[in-house]
Structure formats: structure tokens, C-alpha cells
Amino acid sequence: MLTLLEVAHGRREPLTSMERPASPVADRIRAAARGLAAFGHRSLLLIALLAVWEAAPRIGLIDAVFLPPFSEVIAAGWQLAQTGELYDDVSASLLRALSGFLISVALIVPLGVAVGWYARLGDLVNQFIEICRNTAPLALLPVFILLLGIGETSKITMVVYSCAWPLLLNTVAAVKQVDPLLIKSARTMGATPQQLFRKVILPAALPTIFVGIRLASASAMLVLVASEMVGAKAGLGYLIINSQYSFLIPQMYFGILGITVIGLASNAVLEALERRFMRWKAPVTA
């Protein structure tokens, strides 16, 4: 209890340990510790797999010639980075994949919106879409090389073609699945076609469109690696196939890991963009 004199002079009893405000540094340390613990919990399976990968060749369960320990694979990647070869391969693959992916998004998403919104256009192109999407992109690789050569154009075109169909199908489905009641309500309130598209159609379709974008991103790397194995002098696909032919097995595995890391990073970027563009969407709670 404060005495009258202490109140008059603006003094009070010392704060107890429970009353003292927490230090900002201590809060950051605790938050970092909680984040690290959560990351470790989520990554337990991955850590276990890497430990098995490291131990199995060393104790003789697997022939180390065909599956080197994980540490040797990382060391091989470090050597590639020091020579500059890794930078050339990664930059070549990223440039091709990103160029084809962005071209596909810029062209196919508006086309998918139009096909989904205008029923006559959808009926006109439906058979063509079904034929093309059931034709494997890798089966067309020789055709693209014959028509466009073995340079960058054929590889980027392959990426555009492989990205087109998951993008188109998901965009068409997204537009068709917009709640008709929302559209009717907007028209009743006097919304113009432009306002209807911006305020109703696009926000309602975005979640499914982003599903197509993420699927297209995965298809881009898959097809690109296959195309780089034929007639390329740089890229992660070239690194993998050249390492196999030269029996540089650790480098081959590192190229595979590089593709995996790029895929995970691309997916994380797209998830961040999705959260930013759809801040209105309520998070799902367990």
C-alpha cells in the first residue's frame, strides 16, 4: 500500500518480478526460441531422412558410389559454387523458367477469364483445349526443337506450353464457380461490367487461380529440366545429365537438390503473394 506521503511525492513501492514489464530483448529471444522450436518440430522427418542419407552409405547399407553421403553432396555443390559453374547453371534455369512462367501467366489468365465468362467462346475452344492438355509437353519436345531450334526459344516455349493448361483450366473453373447470387446482387445494385469484374469476379476467382499458378510453377521446372537435358550447355538439367555421363555422382545429386530448393522457394513466394492479394480471406483455424 502507498502512504499518503509517497502519493504526494509521486513515489510507489518497487515493482515485483510479476509486475515489471518484460524487456524487448527478452521478448525477441523468447519469440525466436519458439519459432526455432516450431521449425524443428515441423522438420523432424526431413532431418531424419537427411541423417539416414548421411549414415546409410557410411555404414555400408548402400553403395557410396551410387548414393554418396549427404555431406559429400554438399561439398560437391560448394566446389561448383567456387568455380562459378553453379551460378551459371542456376541463373540459366531461373531465367528460362521465370520467363516462360511469366509469359504464360500474362497470356493464359486473361484467356481463362474470357473462356470462363463467355459461354460461346468456351464451347468454341473446348475441344482444342482438351486435345492440347492431354498431349504431354515432353512428347512435343522434338517438335519444338525441330521448329524453333535448340536455343532459348524452344526451351521457353516448352515452359509456356506446360504452364498453360493448369493455368487455363483452373482459371476457367474459378470464373465458372463464382456464386451467381453475388453476380446478381452486384448487377441489382447497378454495378457496371468493369466494377462487376473488379469487385466480384476477380476476388471470388483468385483463390482457385492461385492454385493454377502454383501448379504451373511446378510444371515449369519439371519440363525445363527435361528440355535442358537435350541440347543445352547450361542449366540444372544439363548439370544433372552431364554429371551422370561423367560419373560425377555427388554433383548429380546436388543438381537434383538445387531443383528441389528452387521449387520450394518458388512455392513460398507464391504463397506470400497469395496472402497479400487475398488479405480479405479469413484464415482457416484448426
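What you are looking at is a predicted structure, and each value in this text was computed from that prediction instead of being measured. Note: hydrogens, waters and symmetry copies are ignored here, and every other heavy atom, side chains too, is used.
Residues Leu67 and Pro57 share a closest heavy-atom pair of O-CG, 3.1 Å. The two residues Asp89 and Gly235 make their nearest non-hydrogen contact at OD1-N, 3.0 Å. Nearest heavy atom pair, residue Leu270 against residue Phe210, reads O-CE2, 4.0 Å. The minimum heavy-atom distance between Phe66 and Tyr253, with the atom names listed, is O-OH, 2.8 Å. For the residue pair Phe144 and Ser154, the shortest heavy atom distance occurs at O-CB, 3.8 Å. The minimum heavy-atom distance between Leu138 and Ala226, with the atom names listed, is CD2-CB, 3.3 Å.
Side-chain atoms of Ile209 and Asn170, non-hydrogen and from C-beta on, never get closer than 4.5 Å to each other. Counting heavy atoms from C-beta on, the side chains of Ile129 and Leu169 come closer than 4.5 Å. In this structure, the side chains of Leu86 and Trp78 stay at 4.5 Å or more apart for every pair of heavy atoms. Proximity of Phe101 to Val105: side-chain heavy atoms (C-beta onward) are separated by under 4.5 Å at one or more points. Annotation: side chain of Leu148 is in contact with side chain of Thr157 (closest heavy-atom distance under 4.5 Å). Using a 4.5 Å heavy-atom threshold, the side chains of Glu85 and Gln79 count as separate. Using a 4.5 Å heavy-atom threshold, the side chains of Met158 and Pro137 count as touching. For the pair Leu124 and Arg120, the minimum side-chain heavy-atom distance is 4.5 Å or more.
For Ile150, the CD1 atom sits in a loose shell: 12 or fewer heavy atoms of surrounding residues, nucleotides or ligands are nearer than 6.0 Å. Residue-environment remark: CD (Gln82) exceeds the threshold of 12 foreign heavy atoms within 6.0 Å.
Criterion: ILVMFWY side-chain heavy atoms under 4.5 Å apart, direct or through other members. Under it, Leu98 and Leu94 are not part of a common hydrophobic cluster. Hydrophobic clustering keeps Tyr87 apart from Val90 (ILVMFWY residues linked when any side-chain heavy atoms are closer than 4.5 Å, directly or through intermediates). In the hydrophobic clustering of this structure, Leu46 does not group with Leu44; members are Ile, Leu, Val, Met, Phe, Trp, Tyr whose side-chain heavy atoms approach within less than 4.5 Å, directly or through other members. Placement of Leu222 and Leu140 in two distinct hydrophobic clusters is found when ILVMFWY residues are connected by side-chain heavy-atom separations under 4.5 Å, directly or transitively. Hydrophobic clustering of Ile, Leu, Val, Met, Phe, Trp and Tyr side chains at less than 4.5 Å, counting indirect connections, unites Leu147 with Val223.
Distance check, rounded to the nearest 0.5 Å: CD1 of Ile74 to CD of Glu54 gives 9.5 Å. A distance of 11.5 Å separates CE in Met252 from OG in Ser246, rounded to the nearest 0.5 Å. Of the inter-residue distances, the one linking Met229 atom CE with Tyr238 atom OH reads 12.5 Å to the nearest 0.5 angstrom. Summarising the geometry, atom CG belonging to Asp88 is positioned 11.0 Å from atom CG belonging to Leu236; distances are rounded to the nearest 0.5 Å. Interatomic distance, Ile201 CD1 to Leu206 CG, rounded to the nearest 0.5 Å: 11.5 Å. Taken from CD in Gln244 to CD in Gln251, the straight-line distance is 13.0 Å, to the nearest 0.5 Å.
A donor-acceptor distance shorter than 3.5 angstrom exists from the side chain of Ser219 to the backbone of Leu215, with no hydrogens or angles considered. In this structure, Trp165 contributes its side chain and Thr135 its backbone to no donor-acceptor pair below 3.5 Å. Asn267 contributes no side-chain N or O that, together with a main-chain N or O of Gly263, makes up a donor-acceptor pair within less than 3.5 Å. Not a single donor-acceptor pair under 3.5 Å links the side chain of Thr153 to the backbone N or O of Gly149. Remark: side-chain polar atoms of Thr83 are paired, donor with acceptor, to backbone N or O of Leu80 under 3.5 angstrom. Listed for the Tyr161 side chain is no donor-acceptor partner under 3.5 Å among the backbone atoms of Ile156. Using modelled atom types, one side-chain atom of Asn134 and one backbone atom of Glu130 make a donor-acceptor pair closer than 3.5 Å. Ser162 contributes a side-chain N or O that, together with a main-chain N or O of Val159, makes up a donor-acceptor pair within less than 3.5 Å. Not one N or O on the side chain of Ser217 forms a donor-acceptor pair closer than 3.5 Å with the backbone of Ile213.
Residues Thr208 and Gln177 have side chains that never bring a donor and an acceptor to within less than 3.5 angstrom of each other. Side-chain N/O atoms of Arg96 and Ser91 include no donor and acceptor closer than 3.5 Å.
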Subject >> Residue pair Phe70, Leu257: steps toward the side chain to side chain contact (heavy atoms under 4.5 Å, CB included) verdict >> reply: CA-CA 10 Å; Phe70 178 71; Leu257 288 178; 3.9 Å; yes
**OP:** List the steps, then state whether side-chain hydrogen bond (donor to acceptor under 3.5 Å, both in side chains) holds for Ser71 with Arg58.
**Re:** CA-CA 11 Å; Ser71 58; Arg58 295 192 180 278; 2.9 Å; yes
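A side chain to side chain contact (heavy atoms under 4.5 Å, CB included) with Val125 is found for exactly one of Val115, Val172, Leu111, namely Val115. Tested against Ser243, the residues Ile240, Ile241, Leu239 include a single side chain to side chain contact (heavy atoms under 4.5 Å, CB included) partner, Leu239. Screening Val113, Leu167, Thr171 for a side chain to side chain contact (heavy atoms under 4.5 Å, CB included) with Ile108, the sole residue that qualifies is Leu167.
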